[in-house]
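In what follows, a single structure is set out as C-alpha coordinates and then discussed.
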Amino acid sequence: MRLYERIEFGGQMMDLVDDCPSVMDRFHTNDIFSCNVTNGNWLFFEHPNYRGRMYLIRPGEYKRFSEWGGRSARVGSIRRIVDY
(Lines give C-alpha, C1' and ligand atoms only; values in the text may rest on other atoms or scores of the structure.)
Protein backbone atom coordinates (compact mmCIF):
# COMPACT_ATOMS: atom_id res chain seq x y z
CA MET A 1 0.00 0.00 0.00
CA ARG A 2 1.18 3.50 -0.77
CA LEU A 3 0.02 6.32 1.47
CA TYR A 4 0.14 10.01 0.54
CA GLU A 5 0.09 13.17 2.63
CA ARG A 6 -1.98 15.11 0.05
CA ILE A 7 -5.08 14.44 -2.05
CA GLU A 8 -4.72 12.88 -5.50
CA PHE A 9 -1.47 11.11 -4.58
CA GLY A 10 0.43 14.31 -3.85
CA GLY A 11 3.11 15.16 -1.35
CA GLN A 12 5.26 12.67 0.52
CA MET A 13 4.66 9.00 -0.37
CA MET A 14 4.96 6.30 2.30
CA ASP A 15 5.08 2.54 1.63
CA LEU A 16 3.37 0.11 3.98
CA VAL A 17 3.57 -3.69 3.73
CA ASP A 18 2.65 -4.78 7.26
CA ASP A 19 0.54 -3.78 10.27
CA CYS A 20 1.14 -0.34 11.72
CA PRO A 21 -0.09 0.16 15.32
CA SER A 22 0.82 3.87 15.23
CA VAL A 23 0.90 5.88 12.01
CA MET A 24 2.39 8.83 13.93
CA ASP A 25 5.30 6.77 15.31
CA ARG A 26 6.16 5.26 11.94
CA PHE A 27 5.53 8.14 9.53
CA HIS A 28 5.49 11.23 11.81
CA THR A 29 2.01 12.23 10.61
CA ASN A 30 -1.57 11.24 11.38
CA ASP A 31 -3.08 12.53 8.17
CA ILE A 32 -3.45 10.23 5.15
CA PHE A 33 -5.22 12.11 2.36
CA SER A 34 -4.98 9.47 -0.40
CA CYS A 35 -3.72 5.93 -0.94
CA ASN A 36 -3.15 3.29 -3.58
CA VAL A 37 -3.68 -0.36 -2.64
CA THR A 38 -2.24 -2.86 -5.10
CA ASN A 39 -3.22 -6.03 -3.25
CA GLY A 40 -4.80 -7.22 -0.04
CA ASN A 41 -7.51 -5.75 2.13
CA TRP A 42 -6.70 -3.37 4.97
CA LEU A 43 -8.41 -1.63 7.87
CA PHE A 44 -7.77 2.01 8.72
CA PHE A 45 -8.50 2.92 12.35
CA GLU A 46 -9.12 6.42 13.73
CA HIS A 47 -6.82 5.90 16.71
CA PRO A 48 -3.51 4.14 17.46
CA ASN A 49 -3.48 0.50 18.54
CA TYR A 50 -6.41 -0.44 16.30
CA ARG A 51 -9.07 1.51 18.18
CA GLY A 52 -11.97 3.71 17.15
CA ARG A 53 -13.94 3.88 13.93
CA MET A 54 -12.55 1.61 11.21
CA TYR A 55 -12.67 1.71 7.43
CA LEU A 56 -12.28 -1.22 5.04
CA ILE A 57 -9.73 -0.45 2.32
CA ARG A 58 -9.82 -2.76 -0.70
CA PRO A 59 -7.45 -2.80 -3.68
CA GLY A 60 -7.80 0.34 -5.74
CA GLU A 61 -7.05 4.03 -5.85
CA TYR A 62 -8.47 6.42 -3.26
CA LYS A 63 -7.82 10.01 -4.34
CA ARG A 64 -9.17 11.49 -1.10
CA PHE A 65 -10.17 10.21 2.33
CA SER A 66 -13.89 10.65 1.61
CA GLU A 67 -13.62 7.87 -1.00
CA TRP A 68 -13.02 5.30 1.76
CA GLY A 69 -15.76 6.87 3.91
CA GLY A 70 -13.46 8.82 6.20
CA ARG A 71 -14.77 11.90 8.01
CA SER A 72 -11.26 13.34 8.02
CA ALA A 73 -7.76 12.39 6.89
CA ARG A 74 -6.86 11.27 10.44
CA VAL A 75 -5.61 7.66 10.52
CA GLY A 76 -4.17 6.37 13.80
CA SER A 77 -3.33 2.76 12.86
CA ILE A 78 -3.54 0.35 9.95
CA ARG A 79 -3.97 -3.42 9.94
CA ARG A 80 -3.82 -5.86 7.04
CA ILE A 81 -6.63 -8.42 6.83
CA VAL A 82 -5.04 -11.88 6.53
CA ASP A 83 -6.96 -14.95 5.39
CA TYR A 84 -6.24 -18.18 7.27
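Every value quoted in this text rests on a predicted model; they were computed, and no experiment measured them.
You'll find the side chain of I81 reaches within 4.5 Å of the side chain of L56, heavy atoms only. W68 is listed as a side-chain neighbour of C35, based on a closest heavy-atom distance under 4.5 Å. Using a 4.5 Å heavy-atom cutoff, the side chains of D31 and F65 are not in contact.
Evaluation of the ring-ring contact (aromatic ring centres under 6.0 Å, His included) rule for Y62 yields no partner, not counting sequence neighbours. S66 pairs by the side-chain hydrogen bond (donor to acceptor under 3.5 Å, both in side chains) definition with nothing, not counting sequence neighbours. Qualifying side-chain hydrogen bond (donor to acceptor under 3.5 Å, both in side chains) partners for R6, counting only residues two or more places apart in sequence or in other chains: none. In this structure, the side chain to side chain contact (heavy atoms under 4.5 Å, CB included) partners of I7, at least two apart in sequence or on a different chain, are F33, R64. Checked against side chain to side chain contact (heavy atoms under 4.5 Å, CB included), N39 has the following partners two or more places apart in sequence or in another chain: R80.
Grouping the Ile, Leu, Val, Met, Phe, Trp and Tyr side chains by contacts below 4.5 angstrom, directly or via other members, places M54 apart from I57. No continuous path of ILVMFWY side-chain contacts below 4.5 Å connects L43 to V23, so the two sit in separate hydrophobic clusters. At a threshold of 4.5 Å between side-chain heavy atoms, the hydrophobic network of Ile, Leu, Val, Met, Phe, Trp and Tyr places Y4 and I32 in two separate groups.
Going from atom CH2 of W42 over to atom CD1 of I78 covers 7.5 Å, rounded to the nearest 0.5 Å. Between the OG1 atom in T29 and the CD atom in E5 there is a gap of 7.0 Å [rounded to 0.5 Å]. Taking NZ of K63 as the start and CD of E8 as the end, the distance is 6.0 Å to the nearest 0.5 Å. A distance of 7.5 Å separates CZ in R2 from CG in N36, rounded to the nearest 0.5 Å. For the atom pair C20 SG and M1 CE, the distance stands at 10.0 Å (nearest 0.5 Å). Taken from OG in S34 to CG in L3, the straight-line distance is 8.5 Å, to the nearest 0.5 Å.
Sequence neighbours left out, not one pair with a member in residues 44-59 passes side chain to side chain donor-acceptor pair (under 3.5 Å).
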